[in-house]
Number of protein chains: 2
Amino acid sequence: MSQTVDRALSILPLLAEGPADLGQVAERLDVHKSTALRLLRTLHEHGLVYRQSDQRYRLGARLFALAQEAVENLDVREIAHPHLVELNSKIGHTVHLAVYEENEVLYIDKVESRYPVRMYSRIGKPVAITVAAVAKLLLADLSEPERRAIAEKLDYPQYTSRSTPNAAAFLKELTVVREQGWATDLGGHEESINCVGAPIRGADGRVVAAMSVSAPSVVVTADELLTLLPVVRRTAEAISREYSGNAPT
Amino acid sequence: MSQTVDRALSILPLLAEGPADLGQVAERLDVHKSTALRLLRTLHEHGLVYRQSDQRYRLGARLFALAQEAVENLDVREIAHPHLVELNSKIGHTVHLAVYEENEVLYIDKVESRYPVRMYSRIGKPVAITVAAVAKLLLADLSEPERRAIAEKLDYPQYTSRSTPNAAAFLKELTVVREQGWATDLGGHEESINCVGAPIRGADGRVVAAMSVSAPSVVVTADELLTLLPVVRRTAEAISREYSGNAPT
DNA sequence: TGGCCTGTTGCATCCTCTGCAACGGCCATT
DNA sequence: AATGGCCGTTGCAGAGGATGCAACAGGCCA
């Protein structure tokens, strides 16, 4: 809508990939160097961009401060966090919390597994939306036309042989998830990783966030993981109660 | 420098204070509502701003994602290196850079002493975790339970008579280091080698790396080495500032 | 129903952003 | 030491885009 601002903001994800110099920025934006310079300067004045000693540009401290405030405004996270930690201390596996926003599902919290196993997931990073248990939970709560609109816009990358193959299969899966009130991802993203998740609902019953427990099949089989479903659901329900103001405490 | 971008970016700190509607944003920016609308739309398209169900705007989760990605792509080593070289050229002694990862402390950079004295340390090699100054700095920043858990799992090899003898002594040392913001290793690894080190912190204040200066006592006494503490700390602080994207302005 | 408030759109005007070209500093090459 | 190339920077004129106005639309409350 605003070309100038649009260009300026396009610089941010570009710099998130790593430092870049003026020429590289200008080239990626497809504008003249002088234009890129002025945009960068403006971003710099606002502290969103930092100029390191080799003159290259990077994202600046103010961005981190803003991000911090942004995440603090997501108060689900605050409320959920202690519950997630408690669940993790009980069962040991990695626990995730995610929200849906603007056609994306984002991890907003994560409690690492106590087992020495690395999982590829990052707080703040978009989730593999077509396969992740949390994504299914969040999308399943949307209205039918919204679900369909999104499902048709998505790509369906075949991470593994068990990945959701296409829009039709995805919509069917969402219907199932919607009805049963929980979701799984059995090797759909990484062959050896299974997840089981449950929705967190606000006072109006709508799903505001989703949580999941993930574990590699070398530690627990899918069947064993499913035995954790009740405790996962109880945790999600406890968070929902507290979030919607029905805290027993 | 760019009025339009300047105005658009001014919206972000404004929204950081809390959600606001179109009228409020326009008023604070001192522009027409239609102008504010277009700016907000552009921010919205980039995910920096989110429109909640009551139509008010607040900061978007993409901000968080950007910051997270930026942190991941940040390379402490790359940023620190020129500073380490500069320090080395000033004082001559060996300079080390180390990080903590998976229960280990690893050297990730080293600038050799200009004196003809070789030290036994190698980039990529685990550090003597119970005695090295950099190890103390990195562990001191962990939470109390984490520190204790690690301290109790460690072995305490008696490299010299001044090596840290046991977990209790180590934890006590970590507390001291945590409070004073710097650390030493006075002959704890090799009888004749002394080190003094300082922490490097990220935007959130957490210790992301540690650096140290090492010298054999045949070249400088421990007391003389300690006089270098201020310059070591200043270097560490300069690296921290650059790493966290804080403009020196 | 009517009034009020907020968000939205089309449009003409004018501002401000853009790209160009020229300059200056830095580094490496000869 | 001199030279050429590269990168960042600046002044300027022209044009494209942002701005504010005014009118419209939709929701809410009296």
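In what follows, every chain begins at residue 1, and chains take the letters A, B, ... in the order their sequences are listed. Source: prediction; values computed, not measured. These numbers come from the heavy atoms of this one structure, side chains and all, not from hydrogens, waters or symmetry mates.
If you measure from atom CZ of A:Arg51 to atom C1' of D:dC7, you get 10 Å, rounded to the nearest angstrom. The separation between A:Leu40 atom CG and C:dC17 atom C1' is 15 Å, rounded to whole Å. The interatomic distance linking A:Tyr57 (OH) with D:dC7 (C1') rounds to 11 Å, in whole Å. The CZ-P distance, from A:Arg56 to D:dC7, rounds to 13 Å in whole Å. Atom CG of B:Leu22 is separated from atom P of D:dG20 by 13 Å (rounded to the nearest Å). Rounded to a whole Å, the CD atom of A:Gln52 is 13 Å from the P atom of D:dG8. Rounded to whole Å, atom P of D:dA25 lies 17 Å from atom CD of B:Gln55. For B:His32 and C:dA12, the NE2 to P distance is 17 Å, given to the nearest whole Å.
Residue contacts shown for A:Ser2 are limited to sugar-phosphate atoms, with no base heavy atom under 4.0 Å away.
A close approach under 4.0 Å does occur between a side-chain nitrogen or oxygen of B:Arg41 and OP1 or OP2 of C:dT9. A close approach under 4.0 Å does occur between a side-chain nitrogen or oxygen of A:Arg7 and OP1 or OP2 of C:dT18. Considering only side-chain N and O atoms, A:Thr35 lies nowhere under 4.0 angstrom from the phosphate OP1 or OP2 of C:dC17. Taking 4.0 angstrom as the limit, A:Ser34 places none of its side-chain polar atoms (N or O) nearer than this to OP1 or OP2 of C:dC20.
When each of A:Gln24, A:Arg51, A:Gln52 is tested with A:Tyr57 by the rule side-chain hydrogen bond (donor to acceptor under 3.5 Å, both in side chains), just one qualifies, namely A:Arg51.
Here the straight-line distance linking atom CG of A:Leu48 with atom CG of A:Leu40 works out to 11.0 Å at 0.5 Å rounding. Residue A:Leu9 holds its CG atom at 12.0 Å from CZ of B:Arg62, rounded to the nearest 0.5 Å.
For A:Arg38, the listed nucleotide lying nearest its side chain is C:dG19; candidates were C:dG19, D:dT9, D:dT19. Of the candidate nucleotides D:dA18, C:dG7, D:dG8, D:dG8 has the atom nearest to the side chain of A:Lys33. Each of C:dG7, C:dG19, C:dT16 was ranked by its minimum atom distance to the side chain of B:Gln3; first place goes to C:dT16.
Defined by atom type and a distance below 3.5 Å, a donor-acceptor pair is present between the side-chain atoms of B:Glu242 and A:Ser53.
Of the possible polar contacts, none joining the B:Ser217 side chain to the B:Ile193 backbone as a donor-acceptor pair under 3.5 Å is found.
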